Each structure stands twice: as C-alpha cells, then as structure tokens.
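Inspection log for the structure reproduced underneath, given as structure tokens.
Sequence lines set the chain letters: A, B, ... in the order given, protein chains first and strands last, and positions in each chain run from 1. These values consider heavy atoms only, across backbone and side chains, with no hydrogens, waters or symmetry-generated copies. Since the model is a prediction, treat every value here as computed from it, not as a measurement.
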Amino acid sequence: MISIFYFYPMIQALILSFQSGSGTNLSFVGLSNYKRVFTDPTFIAAFTNTFIYLIIQVPIMILLGLFLSVLLNDPKLKFRSFFRIAIFLPCVTSLVAYSVIFKDLFATNGIINKFLLQFSLVPEAINWLADPFWAKVTIIIAITWRWTGYNMIFYLSGLQNIDHSIYEAAKIDGASSFQQFFKITIPMLKPIILFTSITSTIGTLQIFDEVMNITKGGPGNSTTSISQYIYNLSFKYTPDFGYAATVSYFVVIAIVIFAALQFKLAGDKK
Amino acid sequence: MKKIFMLLLMSVLLVACSSTGSDDSGSKGGNDEVDEVTAWAWDPKFNIAALEIAKEVYKEENPDLNVKIIENAQDDIIQKLNTALGSGTTKGLPNIVLIEDYRAQSFLQSFPDSFYELTDLFEATDFAEYKIAPTSADGKNYGIPFDTGVTGLYVRTDYLEEAGYSVEDLEGIDWNEYIEIGKKVKEVTGKTFLTIDPNDLGLIRVMIQSAGSWYVKEDGVTPDLVDNAALKEAFEVYKEMIDTGILKPHSDWNQFLTGFNSGDVVTVPTGNWITPSIKAEESQSGNWAIVPIPKLTVPGSVNASNLGGSSWYVLNIPGAEQAADFLSKTFGSNVDMYEKLVIDVGAIGTYTPASENDAYAKEDEFFGGQKTVADFAAWLEEIPSVNYGMHTYGIDDIITVEMQNYLNGKNIDDVMSDAQKQAEAQFN
C-alpha cells in the first residue's frame, strides 16, 4: 500500500522531472530542467519570496504562540477558555474563505485602511495589495493570524505537562517570572518548539492558498510562492509537467535541508 | 534498510509495469452513439445563457439528444482539462468545452488528437477572420468561433460634458489624445479616468493587437518583444497614465465593478462582455456611451481590438460526433439562433451572416439610444488577426514583472530586451 500511494508517485515525479515539453508531448531532456531552475528568474523570485515568508513569519508566529500560551495558561486569568477558543478559531476556518476576507479587509477602500486613516496613523490609504512591499506584509499578517493559534494549542498542552512543583520550587528560590519563562518553560517545551517550527517551516514552504487568493502572486512576482509557480507551470501556462515536477523536487530538497538544520540547531543529539 | 530497499524496488517495478498499460484508458474516436452530451462553460449571463438558447433551438429538430449544461469557472475548466488530458484519462470530461482564444493553441498543440476536427462541419469563412487562427491547427478547424471579445471604450457622457467634451471627441483618437482628455476630465471632475488591475495586463494586449502585433511572431512560437514597436508604445502609454494620475489600480474583479458602478470611474476600456455589468447599475442609465477603443500611433494600428474572446471545442471522446452536430447546427450556422441571442442575452457572435438581422439595429436606452450591437459588429470586422501562439499567459507573467520594473524606473529598452531573453529561455 505504502509503495503504491507514496513511492510510486514520488518516483514517477522524479522520472517526470527529467522530461520536458508541452502537455503530453514530453521528451527526455536529462538534467536540463535542473539547470534551468537556477537561471529561471521566476523561480528565483518565488524561492526568495517563500524564503522571506519563512524567516520572518515562522519566528514571529512561534514567539507569539509561546507568549499567548503562557498568558492563557495562567489559572488566575478570567474567560480563559473564551480566549483560547478565539485564538484557535482561525485555524479551523477554510483557507480560501479567510484569504478572500483578508483580501477585502486590505483593499484600498477596505476596513484596515479606513481604520488607519480614521486615527491618522497613515497620511494616505496604503495600497496593500498592489504594492510589492505591502503585499508581502499582508501575506505574512494573514498566515500569522491563521496559524498562531494552531501552534499555541501545542504549547498549551506542553505547558500543562510541566509539573507545578518545578515552578513552586523556582519561586521559593526567588526566580522572577521572566527567569521562570526562559529557564524552565522554554527548555521544557523544547521538543514541542522543535516540532512546531518544523511543521511551520514545511507549511510555509508549501504556502499556496493565501498567495493565490489574496494577491495572485502579484504585483509582478513580488508575492509568488514556489507552490504557486508549480501551479502556474502546470495549469496556468501551456502545461510543462516535467519542469513543474523539477521545481517541486526543489521544495522537497529545501524541506529536508531546513528540517535537518532545525534538528541541528535544537541540539538534538542522539 | 532492507525493507526500504524492497519498497523502492517494488515501486520501480510498478512504474515499469504501468507505463505500458495506461495509454488506452480514454477510448478515442467519437462514433459511439450517446443520448446525452455535456457542455462546460463559464459566465451564466453570457456563455451559459447562449448555450441554453442553442439547446432549445437544437431540440426542436433533434429531440433525442439531451444537452447537459454545466457551469464551471474558467480557471477550473483549464485546470480540469490540463489534468485530465495530461494524465490521459478522459473520463469525466465534457463533450463540448468553451476555451479562451488566448489559450486555445496551448491545448490544441499540447494535446494533439484530444480534440475533434470540425473543418467540414461549418464554413470558417462565415466567421470573423481574426477568430480563425486561434481556433485551428495544421490547417484544420477545431473550434467554432463564438464570443467576439471585441473591445469598446465605455464612457460616462455626463462627466465628459462637465469637462467640456462630447462623445465625438473620444471617437477615433489615439491613446495620447485619450490621456490628454483624461487629465482635463480629472482636473474638472476629480474622478479617476480608468482603473486597472496591475496583475492583469489585458489593456496592453488590447493595445498591441490593435496594431496587428502580439507577444510572439506570426509563427506563434518566436517571442517578439525586444523590437516590438507596438508593445513599447503600449508600455509608454501605460506608464504615462499612471504618472499623470488618471489611472488607479484595483486589486480584483469586485473592486473593478465597484469602481464604475459607484460612479467613481469615467471610462472603461474593455471587451464587450462587460456590458451586462455596466448596465447592472440602473441609476446610471442614459449616462453611458460606447466608442471605439483608442489606437496606438505605430503604423497599422486601428480603433478596434479584442480582449478575451472564446470559442467552442469538441473533445475526442464518445459522443463527439453528436456534440459536433449540435454545435454546427446552432453556433455554426443558425442565423435565427444568433438573432435570439442578441435579443435575449445581448450577446454578439462572430458569425457574419447573422449581422444582417434586425436585432442588430436595436437601440439601447441605457447607452442613450446607441445601436450598440450594430456598432460592435462593425468594429469586430476591423480587428487585426494575430497568432496568439501557445504561451500567452506565460509571456504575460514575464511582461507583468517587467512592467513593474519599468514603472520603478528601469530603462524601457532594457525592459524589452530582458523580457525577450526570459521568454526565449522559458519557451524554446
């Protein structure tokens, strides 16, 4: 079963990645697809964009998730479950639905601009979706909104597994809550942080729905992601399935490298 | 380790076995009799409505065949066709499908034998000339031309008058004159002259086709960007519109519609399929007129162009013969059906014998009594024929990026030569 549903497509895709041509007129071209990737400005732009999302968004999201989970784990906090649900709720919304709503929120005449103008925070309406810089910012805000709660739930369950006596002992020894957070919480949560950072990295490398629905990759190529480029190569342009397969193999390679890197950084020695 | 090796080995074997057996899954040839054919199209107000009319007309003489009409978004149709034809499985595909002219060659050439030849089933010469090149391959006709995509410049007459212009001032002008009028109108009324989605360079395509030029040379393959005078001028006109502030960006279709429906936009240069959306705002009745699209100053440019026209195709699957018969007896030859189409839907086909019927002379009160259908029918005969080739949207994306660079200050000649290099690297 595994070989049919996992390995067969993987190997078929690998074979496909050595072919090129339009539609079904494929012919073997050896490694030229792999060479083409490195000189393809669209791929480089898509890769850079995805990388920018990754290095900016993943740390923000993980820190925010940690921060919120510690706040929400405080037994003295009122309406705890309400806040937990409120923050977790975005992750159960449909990817497409929330993307469409974000697109409306960030339109030039959308509610975000109205709010910013009302309080004179900006001199004129920001062209969120048609400006290369702000379009990226919009995408990052969107994915942060959707996924922070998801990671937070992991941290919360992790926090609940930490024995209270450890904190009590720390308090007796005079540790501030700041010290408790960095000396106890973070080290205890390390496996979970590693897990969430790897899943977030993989998720971000595969980002598609948000970009497709909010900006369609534009303006120009300024928000295109690798997955979207694969989609364009297979379905938007004259289909070149071979080259699309090559590009998708690059995503696989990138994920393997990043995951390995994170294991190394986390110091997970066997 | 041994297990993984075994798994890999098994998969390789599977690959080897399957490659021999997967080719005949879709039985080719359309001679099998069926009692139902399916048709896919987008836009309920236009294409679907046209199909419904054709279905009724056909049913009168052929009651045995049921035509099942399914509405699909254009993007979904493209994706489903690419996936199914690419994998060689034709199960679940429709018999009749609507394809945009810009993309037609990409399908016809990428998936040869997947489309049913229609050459002998209709008179290609009865249709507007510019529709024939995109719908045929190797001298054979595969598509029955339908939606004209003929462009017009929709203008708000009340705003123009406020600024001291009449509709005639916008007729037969070039884009530079258009910009001059736009500046004046903006100064007087404060309204945006036109809006555009920066990710959709439809207007650039309209401009270059009006000069008989395209992204590729006549062979449909060689990218024609670096020495393309029409494209260069189109770029300059576009930048000028942005620099003078008469053009504002919108980011999606809804914002586009809101723009002119709310009365903030003075002109809409686009395909005639926008008419129902313009007329959707009834309070503006009488305030609109349609004039020919402005032209470029390069030699050969005319005040007529095309944006996003589409045509009907038959897939080479069981039922193909009947589907082709349906198309040829309706969209391919039926003058009465086209008359009904104009009256009921307001849709103009590219079938020239139909342009003599009375419905074309109907006056439209929304556009101040203008005979819009007759006007469009006259303009569509002037549209220069170009070969769109296979890579319209691939090159379009390259152009979109270079346009951003150009707007950010990159030299126009560098923009053109970089676009050319990229297109050559990508599509050869």
Please look at [X] and chain A and tell me whether the side chain, the backbone, both or neither of the residue comes under 4.5 angstrom of a heavy atom of that chain.
X	value
B:Glu402	neither
B:Met403	neither
B:Thr392	neither
B:Gln422	side chain

Contact leader toward chain A among B:Thr400, B:Asn82, B:Asp197, where contacts are heavy-atom pairs under 4.5 Å: B:Asn82

Got B:Met390 and A:Tyr237 here, is their nearest side-chain heavy-atom distance under 4.5 Å? no

Sub-4.5 Å side-chain heavy-atom contact between A:Pro219 and B:Pro249: no

Taking it one step at a time, do A:Asn232 and B:Tyr393 satisfy side chain to side chain donor-acceptor pair (under 3.5 Å)? CA-CA 9 Å; A:Asn232 285 347; B:Tyr393 285 98; over 6 Å; no

For side chain to side chain contact (heavy atoms under 4.5 Å, CB included), just list the numbers for A:Arg36 and B:Gln426, CA-CA rounded to whole Å, side-chain angles, deciding distance to a tenth of an Å, and then say yes or no. CA-CA 8 Å; A:Arg36 180 176 156 193; B:Gln426 214 161 322; 3.3 Å; yes

[X], part contacting chain B, at a heavy-atom distance under 4.5 Å:
X	value
A:Pro41	side chain
A:Ser234	backbone
A:Asp240	neither
A:Thr215	backbone

Taking the basic N atoms (NZ, or NE/NH1/NH2) and the acidic carboxylate oxygens, is any pair closer than 4.0 Å for A:Lys216 and B:Asp200? no

